[in-house]
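Notes for the one structure printed next.
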Amino acid sequence: MHMRKLFLLLMGVVFFASQALAQRTVTGKVTDEKGNPLGNVSVLVRGTTTGTTTKADGTYSLDIPANAKALVFSSVDMSPVELAVGTANQINATLKAEDKTMSEVVVTAFGIKKDKKTLGYGVTQVSAEELTRSHTTNITNSLAAKVPGVRVQGSGGSFTSSSILIRGFTTFSGSNQPLFVVDGIPIDNSGGGSPLQNGPSTSSRAIDINQEDIESMSVLKGASAAVLYGSRAANGVILITTKKGKAGTKNSIQFSSTYQVEGVNRTPDYQNEYAQGNSGVFSPTASTSWGPRITGQTVTNAYDPATNTNTRTEQLAAYPNNITDIFQHGINWQNNLAFSGGTDKNTFRFSYGYLRNTGVLANNKLTRHNFSLNTSSKVNNYLTVSVSANYSNNASTRTQQGNQLSNPLFRGWFIPRSYNLTGLAFEDAVGNQRYPMGEDNPYWTIKHNRFKDEINRFIGNVSFNFKLTKWLQADYKIGTDVYSVFRHGYDQIGARGGANTSANAVGGIVENRNNYRSLNSNGFFTATKRYKSWTGTAIVGTEFQQIYSNAATLNGKGIIIRDFEQLSNTTTFSPAPASGSSKTRLLGLYGDFAIGYKSIFNLN
């Protein structure tokens, strides 16, 4: 037994000794072009996670394996340097500052990066810092006042969307909204319209994207900028580039949390001198405040919620806050956690985002979960493969909007100054509405005319970059945008407005299911040649896109049991159940040719 233990001990000593002999220590110093020492420079063994950082005086010491081929030196705002190891025990490096003054690189169509000064059209790039400064829920709202020539107009509510117009209207009958493209893949951004007669305001599908996952956003303006996307880009293009891991950096964890409180900016100025009524006479059913001057007099025909009659004796008084009391403070809470890193050949970034947003009216809440993954691998000197995947789950509850009596603010702005909206009951014990005027009581419709939705979405792509020669490369990308939508609306018995179903006081339930699936395939060759002071670039490619969608709607009227929100709890289906589907295919060829002379002349 003792001999066996001794043998294992000797084997362990031999193993660790061999490991120690297989490594050696390399030292050195990192400086800038002027010879000044550079601290906090990352020093990595190429193809591994073995590394260190330089001290304040620029020196470093690193134990490297015997098979190490090269060291990679990198730092923020400096161009990385790769030096062969060989048999040297001391390796010094000099880093040069990145030249950011000579050119500004922007992302153009299909994710192609170009020098901005060589472009003959307008491109504005918005950084991640600018997009996340206000931490809006929908990225369309974050573009307000950030891009010249772009008008951003909200449709109501903190988690609804904004209409984006790039250089004005282009059509009177169709959509004027730009095409959205994420990492080179066109995505759907439908929805977000304001209702006319029924339902709440919904969000455009850009709300599914987490702002903290965006590296930059480019806005292509005009036909010349968006021509490679064809008629889809008649209203311009918004290109979104997501965050990715950085080559030659150590693994890191980033966490951010923001908490904002939202409130109504202002309300109209109201008079509090005249009571409910018309022509100087008090009327308990009037929706206006043209009654008698309020002097503390007593009326005997005020509305009584307990009996639902106009028989209550009341001393007239003004209630200055009867409208502002409808509102509450909303919150916007966002948390984001990301893991990222990379070697000289492989990079990765994984993130999770959680958002909770409540509105300034009760029963308005949105919860969103985002998962994002970006990886890249340099297989060899000729092939690089990248994968991008984004999943989101988005669920919300909303109240009624539009030109209808169930909108809590449709006539809520005109509540008579002497009506005690907060102090008087708006329903009886069963839930029947108690309100003397023709529209729904704001508190009653917020509570009883309900709407909810849930969206599950996946956006992803796989891309390949082939370095064929020094002047020719090929790129191919295949991606998809898939989501499903479920919407459910419930109108309480006694609703006086259209609400979700226009059930005319008998109550109703409506359910809608939508499915969307897009497949996009895009490949192109890029050739770049220089001859003395001349530069020529040619891009030739092809794109295929197929979009399939279907929708089904079922509308039931005549609620049997109050608050039992199942379609089987209705007596009739009117209008009849409806469903439909569509499939479109697009096949295109495109080319982009540019020639330039120094920085003086460019023709595209």
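- Between Tyr490 and the choices Ile509, Thr501, Asn449, the side-chain contact (heavy atoms from CB on, under 4.5 Å) rule is met once, by Ile509.
- Side-chain contact between Trp413 and Thr267 is present, with heavy atoms from C-beta onward closer than 4.5 Å.
- Atom CD of Glu129 sits in a sparse spot, with 12 or fewer heavy atoms from other residues, nucleotides or ligands closer than 6.0 Å.
- Side-chain atoms of Thr307 and Thr309 form a donor-acceptor pair, as typed in the model, at a separation below 3.5 Å.
- With Arg496 contributing its side chain and Met437 its backbone, the two residues share a donor-acceptor pair below 3.5 Å.
- For Asn336 and Asn210, the side-chain atoms include at least one donor-acceptor pair closer than 3.5 Å.
- The side chain to side chain donor-acceptor pair (under 3.5 Å) test with Arg349 is passed by exactly one of Asp213, Asn374, Thr242, Thr375: Asp213.
- Salt bridge absent: Arg487 and Glu454 never bring a charged side-chain N and a carboxylate O closer than 4.0 Å.
- The closest donor-acceptor contact from the side chain of Lys557 to the backbone of Ser574 lies under 3.5 Å.
- More than 12 non-hydrogen atoms from other residues, nucleotides or ligands lie less than 6.0 angstrom from CZ of Phe544.
- Looking at Gln545 and Arg232, their side chains do bring a donor and an acceptor atom within 3.5 Å of each other.
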Gln401 and Ser201: CA distance, side-chain angles, deciding distance, side-chain hydrogen bond (donor to acceptor under 3.5 Å, both in side chains) verdict = CA-CA 6 Å; Gln401 292 195 23; Ser201 286; 2.9 Å; yes

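- In this model, no donor atom of one side chain and acceptor atom of the other lie less than 3.5 Å apart for Asn520 and Thr480.
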Step by step, work out the side-chain hydrogen bond (donor to acceptor under 3.5 Å, both in side chains) result for Asn500 and Gln400.
-> CA-CA 8 Å; Asn500 297 290; Gln400 301 296 303; 3.1 Å; yes

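- Side-chain polar atoms of Asn515 and Ser484 form no donor-acceptor pair below 3.5 angstrom.
- Proximity of a side-chain donor or acceptor of Trp290 to a complementary backbone N or O of Ala275 within less than 3.5 Å is not detected.
- Judged by distance alone, the side chain of Asn332 and the main-chain N or O of Gln260 form no donor-acceptor pair under 3.5 Å.
- Taking the ring centre of Tyr270 as origin, the terminal cationic atom of Arg417 falls inside the region bounded by 6.0 Å and 45° from the ring axis.
- Results of the side-chain contact (heavy atoms from CB on, under 4.5 Å) test with Asp208 over Asp188, Asp481, Asn394, Asn138 single out Asn394 as the only residue that passes.
- With hydrogens and angles left out, the side-chain atoms of Asn198 and Gln404 include no donor and acceptor closer than 3.5 Å.
- Under 3.5 Å, the side chains of Tyr352 and His369 contain a donor-acceptor pair of N or O atoms.
- Using modelled atom types and a 3.5 Å distance limit, the side chains of Asn363 and Thr399 yield no donor-acceptor pair.
- No hydrogens or angles considered: nothing links the side chains of Ser392 and Asn370 as a donor-acceptor pair under 3.5 Å.
- The aromatic rings of Tyr354 and Trp333 sit perpendicular, their planes meeting at an angle over 60°, well past the 30° parallel limit.
- No side-chain N or O of Thr300 forms a donor-acceptor pair with one of Thr313 less than 3.5 Å apart.
- Checking each of Lys244, Lys243, Lys477 against Asp183 for a salt bridge (charged side-chain N to carboxylate O under 4.0 Å, His left out) leaves exactly one that passes, namely Lys244.
- Using modelled atom types, one finds a donor on one side chain and an acceptor on the other under 3.5 Å when comparing Ser372 with Asn390.
- Paired with Asn272 under the rule side-chain contact (heavy atoms from CB on, under 4.5 Å), one option of Ser418, Pro320, Ser289 passes, and it is Pro320.
- Residues Ser203 and Arg398 have side chains that bring a donor and an acceptor to within less than 3.5 angstrom of each other.
- With hydrogens and angles left out, the side-chain atoms of Asp428 and Asn432 include a donor and acceptor closer than 3.5 Å.
- For the residue pair Asn310/Asn301, the side-chain donor-acceptor check at 3.5 Å is not satisfied.
- Defined by atom type and a distance below 3.5 Å, a donor-acceptor pair is present between the side-chain atoms of Asp563 and Gln492.
- Residues Gln254 and Ser340 have side chains that bring a donor and an acceptor to within less than 3.5 angstrom of each other.
- When only modelled atom types and interatomic distance are considered, Asn512 and Thr553 share a side-chain donor-acceptor pair under 3.5 Å.
- Between the side chains of Gln211 and Thr136, at least one donor-acceptor pair of N or O atoms lies under 3.5 Å.
- Checked by atom type and distance alone, the side chain of Asn569 pairs as donor or acceptor with a backbone atom of Ile561 at under 3.5 Å.
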